[in-house]
Enquirer: 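The structure under discussion is supplied below as structure tokens; questions concerning it will follow.
Predicted model, so just to flag it, every value in this text is computed and none were measured. Here is the naming used below: chain letters follow the sequence lines, and residue numbers restart at 1 for every chain. Heavy-atom basis, side chains included; hydrogens, waters and symmetry copies ignored.
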Amino acid sequence: MNYDFREIEAKWQKYWAENETFKASNDSDKPKFYALSMFPYPSGAGLHVGHPLGYIATDIYSRYKRHKGFNVLHPMGYDSFGLPAEQYAIQTGQHPAITTEQNINRYREQLDQLGFSFDWSREVRTSNPQYYKWTQWIFIQLFNAWYNKKSDKAENISSLISIFEKGGNANVEATCDDDTPSFSAADWNAFSEKEKQEILLKYRLTYLADTEVNWCPALGTVLANDEIVNGVSERGGHPVVRKKMTQWSMRITAYAQRLLDGLDKIDWPQPLKDSQTNWIGRSVGASVTFNVKMTDEMLKQVQHDDVASSAVEKPYEIEVFTTRPDTIFGVSFMTLAPEHELVAKITTPEQKTEVDTYVEATAKRSERDRMADVKTISGVFTGAYAEHPFTKEPIPIWIGDYVLASYGTGAVMAVPCGDQRDYDFAKHYNIAIPNIFEGVDISEEAFADKETTVIANSDFLNGLSYKDAMKKIIAELEKIGHGEGKVNYRLRDAVFSRQRYWGEPFPVYYVDGMPQMIDLEHLPLQLPEVEKYLPTETGEPPLGNATEWAWDVEKNEVVSNDLIDHKTVFPLELNTMPGWAGSSQYFNRYMDPRNDDAIFSPEAINYWHDVDLYIGGSEHATGHLLYSRFWQKFMFDMGYVPKDEFAQKLINQGMITGTSAIVYRIAGTKKYVSFGLKSDYSTEELRVDVNLINVSNELDIEALKNWQPEYQDAEFILEDDKYIVGREVEKMSKRWYNVVNPDAICEEYGADSLRLYEMFLGPLEQSKPWNTAGITGVHSFLKKLWKLYAPYTNGSLSGAEAEPTAENLKTLHKTIKKVEEDIENFSFNTSVSTFMICVNELTSQKCTSKAILEPLAILVSPYAPHIAEELWSRLGYSESIAEAPFPKFEEKYLVESSKEYPISFNGKMRFKLELPLDMSKDEIEAAVLAHEKTQAQLEGRTPKKVIVVPGKIVNIVG
RNA sequence: GCCUUGGUGGCGGAACUGGUAGACGCGCUGGAUUCAAAAUCCAGUUCCUUCGGGAGUGAGGGUUCGAUUCCCUCCCAAGGUACCA
């Protein structure tokens, strides 16, 4: 009987589905294990061979854990809101829900074909109202919460209100908007309801704020940063402008420190941790306030702007953040970002023209321009001076575009001797560069080494090291009220509004301009139907096209927009949520996905706790993975989840790249020259379908001519009667024609071969090029494995069953040990080799013993589940192999009575000497010495001294 | 620039805490089987060599009896990040 993988695979996939073999229970005596792959966005292109890599790895580990006696949760679902379906809808008018449904069905077909042990009864789709009900619910929870810095956690907004009622906000330490005014309890109680709501919005964890977006008037839409190239839209090349829009934001900055600290507790890859650390960008230093020396002009202006007389005596203040407050005596100028709000106020009449020109010029430059052009030093003097808080010396105030408005306070104190950028700026504009470091030459460049710093020319800081000077200066700054120690983060709050159709609608309606939440019992608020998926003519988001999009507070339902009277019927929010909304808690929803009364039951979350193993791509490092950690910590603070990190271990699978095939067209002709001859001509490179190429890079010319019409009348210049293509490794993508489809591989070699081969390609975490040629190796392994079990049918052996020999047992246990270690270390690639060696050995040993073949089937089962099931049933079992206990490794089968000792001779010229295993060190020494003596006699030289080095080798030293 | 991860045959990649480098697979070469092909099986395959050996894990140094492995300097590639004060 031949290895008929098509029949076997179909048979067992059907069996698993019918018997719900992989359905996980939320109630089990077994220990739990939660293995998760990042769920996919179901794109129209379907899966290519790169997609399943991570799923296969997760599947192997899940199946292994099942064998090890764990109750395994291994779910799958779809991140089904997203842009491509919406773009398609804009072009064709087809509802994104239909496109999405079709794509999901295609994905499901492909996934089923690969034999994954998913519990499909738990499938989630983020675009499903029963699912996004809970995304909306979390949004409401965030709205009803504030971050209390004193308790260092999120709390319900009601606790904040009661603090306000008793004592105003003087003693509140919260993460809130910068412009929050201070008020007393009396003030608070006197506020109108709307005023109270406005204040609370400055504290809520999700809040409305005016945020700048990239607005493209021609497309009538908002673009993400990477949709803009050279200041114009990637699609169509239309101009893009910065525009303020009122949008929802998430106060992720409240969690900056905890997101950083949490990284120490989780087993995630170092590069990923680093990029999150980088992204959060913590820097320790101080904020320092400089007073502006007020001119008569400024004083007049102040009086004009602000009627309060107290303001007249109070000078303008410039707050800066610095990581080097110890160098404050080296300040010789200050620089403001051109966008800084003080610029207009402090510029002197003489400098006004120059400053205005510069500010205008900077505003025109795109961010990209500004970033690319790091070398050019530019800036303008404002004419104004600040006062040094200690020396009271005047400090000229400049503006310069090297200072960014979006980081820190948008102003820096420039210390040219200690910072290279300040140094370059000072040199360029002939500003003094006072040296405040002892014994350091600063004539060529700034000195920025903290470790060897000794401060000089700095009054009370003289002679101090960086560390001591830091402490001292912060204390002094606090004493005179000019600053304090401060930690600054690069992380910004996350904008949560998207001007799109295909996303979760916000459960929000507006009364008197203030947002109101819809009650849980009336959720989900379902996405309305619209005529078209583009923004409205007035520039409102696509939901502005909906005619049924108003909220009736009495009926608690969506009604027609015509009924809006701002008394009982109010307008609903028109934005939708971003892509990451639905993916930030899906891992918890899998625990109890059909629960309609709660996001998950307490029983479910208290059983599963968190994800034990999470596998997915590293591109989500600062998106999904950061936002999910943020929401998890919030859910933890609110007492909904028992763990404040959602995934204990995370692995980034590498990308499988494609190998594009390139033909070389002689410029301006229809002639194509073979790879080896291309240097003789001036050629242009064109990519052709990789399926037209054979193993030795030879092009099938006839097939090419039929592939695309432009090749029909092409001529080819051959080498050795062949046309050889060039190869290039790049991302697998339709546009490079280098996509290899798993369906075709499954058809030809089977899912088990594909699974084994994807693992065999190389280490899971590494990116590696796909090369179909090698799959024959793993496929022939499966055929050999099949043959090994040939004597068995339905549990009966044709012929006598042999007892396992010592050799059989050795081979088996060697394999158990290695495979178990490999799986635990996620080195799936090497296990495949181990299996090959094992089968080759057992074959040459002519092993037919059930005691060997049974455990071997279990070992193979996580990797190649279909064939393992079939072999298992041939050995006589009627139940699935999935729950069979993983074989136990026993050392005793590997132990031998004697061992070949490698002998090193001054570290070189090694030979082996077989000696009994239980010899002591001295006995080995004696034996080797005896051997050496005979050896030396034979070679006619003096014997060397023998030393036994503890460890694995015997060393002879001469 | 900075941070991170890597660099081993023609190719993908093995080598546990330093101990016979190149497992396993692909490809290639030769052979068996076959009328022939596919399939299968066996042998060989790091490089150089005067067949004694010699060199060899990006380059150069160091520690060690012994280094792909540890330390220093440099080069290269990939990913992240960037006038971050």
Enquirer: For the P atoms, the ones on B:A14 and on B:G31, what distance do you get once it is rounded to whole angstrom?
Expert: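 It comes out at 34 Å once rounded to the nearest Å.
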Enquirer: For nucleotides 4-6 of chain B, tabulate all protein N/O to nucleotide N/O atom pairs closer than 3.5 Å, reporting atom names and distance.
Expert:
{"unit_1": "B:U4", "atom_1": "O4'", "unit_2": "A:Asp274", "atom_2": "OD2", "d": "3.4"}

Enquirer: Report which part of the nucleic acid A:Asn488 touches: base, sugar-phosphate, or nothing (heavy-atom distance under 4.0 Å, all strands).
Expert: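 Touches nothing.
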Enquirer: At 4.0 Å (heavy atoms only), tell me whether A:Pro763 reaches a base, stays on the sugar-phosphate, or touches nothing.
Expert: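 Sugar-phosphate contact only - A:Pro763 comes under 4.0 Å of backbone atoms but never of a base.
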Enquirer: Counting heavy atoms from C-beta on, name the nucleotide in B:G80, B:U81, B:G25 closest to the side chain of A:Ser275.
Expert: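 Among B:G80, B:U81, B:G25, the one nearest the side chain of A:Ser275 is B:G80.
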Enquirer: Would you kindly give the OH-to-C1' distance between A:Tyr407 and B:U81, to the nearest whole Å?
Expert: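 Nearest whole value for this atom pair: 13 Å.
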Enquirer: Which atom pairs link the protein and nucleotides 41-43 of chain B when you take only N or O atoms and keep those under 3.5 Å?
Expert:
none

Enquirer: Can you establish whether the number of heavy atoms outside A:Glu444 located under 6.0 Å from its atom CD is more than 12?
Expert: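 No, because the 6.0 Å sphere around CD of A:Glu444 holds 12 heavy atoms or fewer from other groups.
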Enquirer: Heavy atoms from C-beta onward define the side chain here; which of B:A85, B:C24, B:U81 lies closest to that of A:Asn278?
Expert: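 Looking only at side-chain atoms, A:Asn278 lies closest to B:U81.
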Enquirer: Taking the ring of A:Tyr757 and the ring of A:Trp770, is the distance between their centroids below 6.0 Å?
Expert: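 A:Trp770 vs A:Tyr757: aromatic centres under 6.0 Å.
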Enquirer: Does this structure show an ion pair linking A:Glu747 with A:Arg6, if we count only N-O contacts that are shorter than 4.0 Å?
Expert: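 Yes, this pair counts.
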Enquirer: Give a yes/no on whether any side-chain N or O of A:Arg490 is located under 4.0 angstrom from OP1 or OP2 of B:A85.
Expert: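 No, because none of the side-chain N or O atoms of A:Arg490 sits under 4.0 Å from OP1 or OP2 of B:A85.
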Enquirer: Is the shortest side-chain heavy-atom distance between A:Cys417 and A:Tyr423 below 4.5 Å?
Expert: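 Heavy-atom side-chain distance check fails, nothing below 4.5 Å.
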Enquirer: In whole angstroms, how far is the P atom of B:U40 from the OH atom of A:Tyr3?
Expert: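 It works out to 14 Å between those atoms.
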Enquirer: In whole angstroms, how far is the P atom of B:A14 from the CG atom of A:Asn825?
Expert: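 Those two atoms, CG and P, are 13 Å apart.
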Enquirer: Given the side-chain rings of A:Phe425 and A:Phe333, with only the six-membered ring counted for Trp, is the space between their centroids under 6.0 Å?
Expert: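 When the ring centroids of A:Phe425 and A:Phe333 are compared, they turn out to be within the sub-6.0 Å range.
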Enquirer: From C-beta outward on A:Ile837, which listed nucleotide comes closest to its side chain: B:C83, B:G13, B:A23?
Expert: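 Out of B:C83, B:G13, B:A23, the nucleotide with an atom closest to A:Ile837's side chain is B:A23.
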Enquirer: Quickly work out the A:Lys273 NZ to B:G79 P distance and round it to whole Å.
Expert: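 Rounded to the whole Å, the gap is 23 Å.
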Enquirer: Counting runs of three or more consecutive pairs, Watson-Crick or G-U wobble, with each distance below 3.5 Å, where are the stems of RNA chain B?
Expert: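 Output for stems: B:1-7 with B:75-81, B:10-12 with B:24-26, B:27-32 with B:40-45, B:46-48 with B:53-55, B:58-62 with B:70-74.
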Enquirer: Please check if the distance between the ring centroids of A:Phe5 and A:Tyr749 is under 6.0 Å.
Expert: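 No.
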Enquirer: Taking A:Arg755 for the side chain and A:Tyr863 for the main chain, is one N or O donor matched with an acceptor at less than 3.5 Å?
Expert: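 Yes.
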Enquirer: Given B:U40, is OP1 or OP2 found less than 4.0 Å from the side-chain N or O atoms of A:Lys783?
Expert: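 The answer is yes; a side-chain N or O of A:Lys783 sits under 4.0 Å from OP1 or OP2.
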Enquirer: Between A:Phe390 and A:His482, is the ring centre distance below 6.0 Å?
Expert: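 Distance test on ring centres: not under 6.0 Å, no.
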Enquirer: Within this structure, what is the OG1-CZ distance for the pair A:Thr830 and A:Phe760, rounded to the nearest 0.5 Å?
Expert: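 The distance works out to 10.0 Å.
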Enquirer: For A:Lys450 and B:C2, what is the distance between atoms NZ and P respectively, to the nearest whole Å?
Expert: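 Value for this atom pair: 16 Å.
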Enquirer: Can you check the A:Asn840 CG to B:C24 P distance for me, whole Å?
Expert: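 The answer, rounded to whole Å, is 9 Å.
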Enquirer: Side chain of A:Thr322 only, please: which of B:G25, B:A85, B:C26 is the nearest?
Expert: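 The nucleotide sitting nearest to the side chain is B:A85.
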Enquirer: Under 4.0 Å between any heavy atoms, over every strand shown, what does A:Thr776 touch: base, sugar-phosphate, or nothing? Just pick one.
Expert: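 Touches sugar-phosphate only.
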Enquirer: Does a side-chain heavy-atom distance below 4.5 Å link A:Ser287 with A:Glu484?
Expert: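 A side-chain contact under 4.5 Å exists here.
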Enquirer: Determine the Euclidean distance between corresponding C1' atoms of B:G7 and B:A59; express it in Å to zero decimal places.
Expert: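 Comparing C1' positions in B:A59 and B:G7 gives a spacing of 12 Å.
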Enquirer: May I have the distance from A:Asn2 (atom CG) to B:A38 (atom C1'), rounded to whole angstrom?
Expert: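 Answer to the nearest Å: 14 Å.
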Enquirer: Could you check B:G80 for me: syn (within 90° of 0) or anti?
Expert: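 Base orientation: anti.
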Enquirer: Is the shortest distance from a Lys or Arg side-chain nitrogen in A:Glu841 or A:Lys814 to a carboxylate oxygen in the other one below 4.0 Å?
Expert: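 Salt bridge flag = yes for A:Lys814 with A:Glu841.
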Enquirer: Using atom P of each nucleotide, how far apart are B:U69 and B:G19 to the nearest Å?
Expert: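 To the nearest whole Å, 10 Å.
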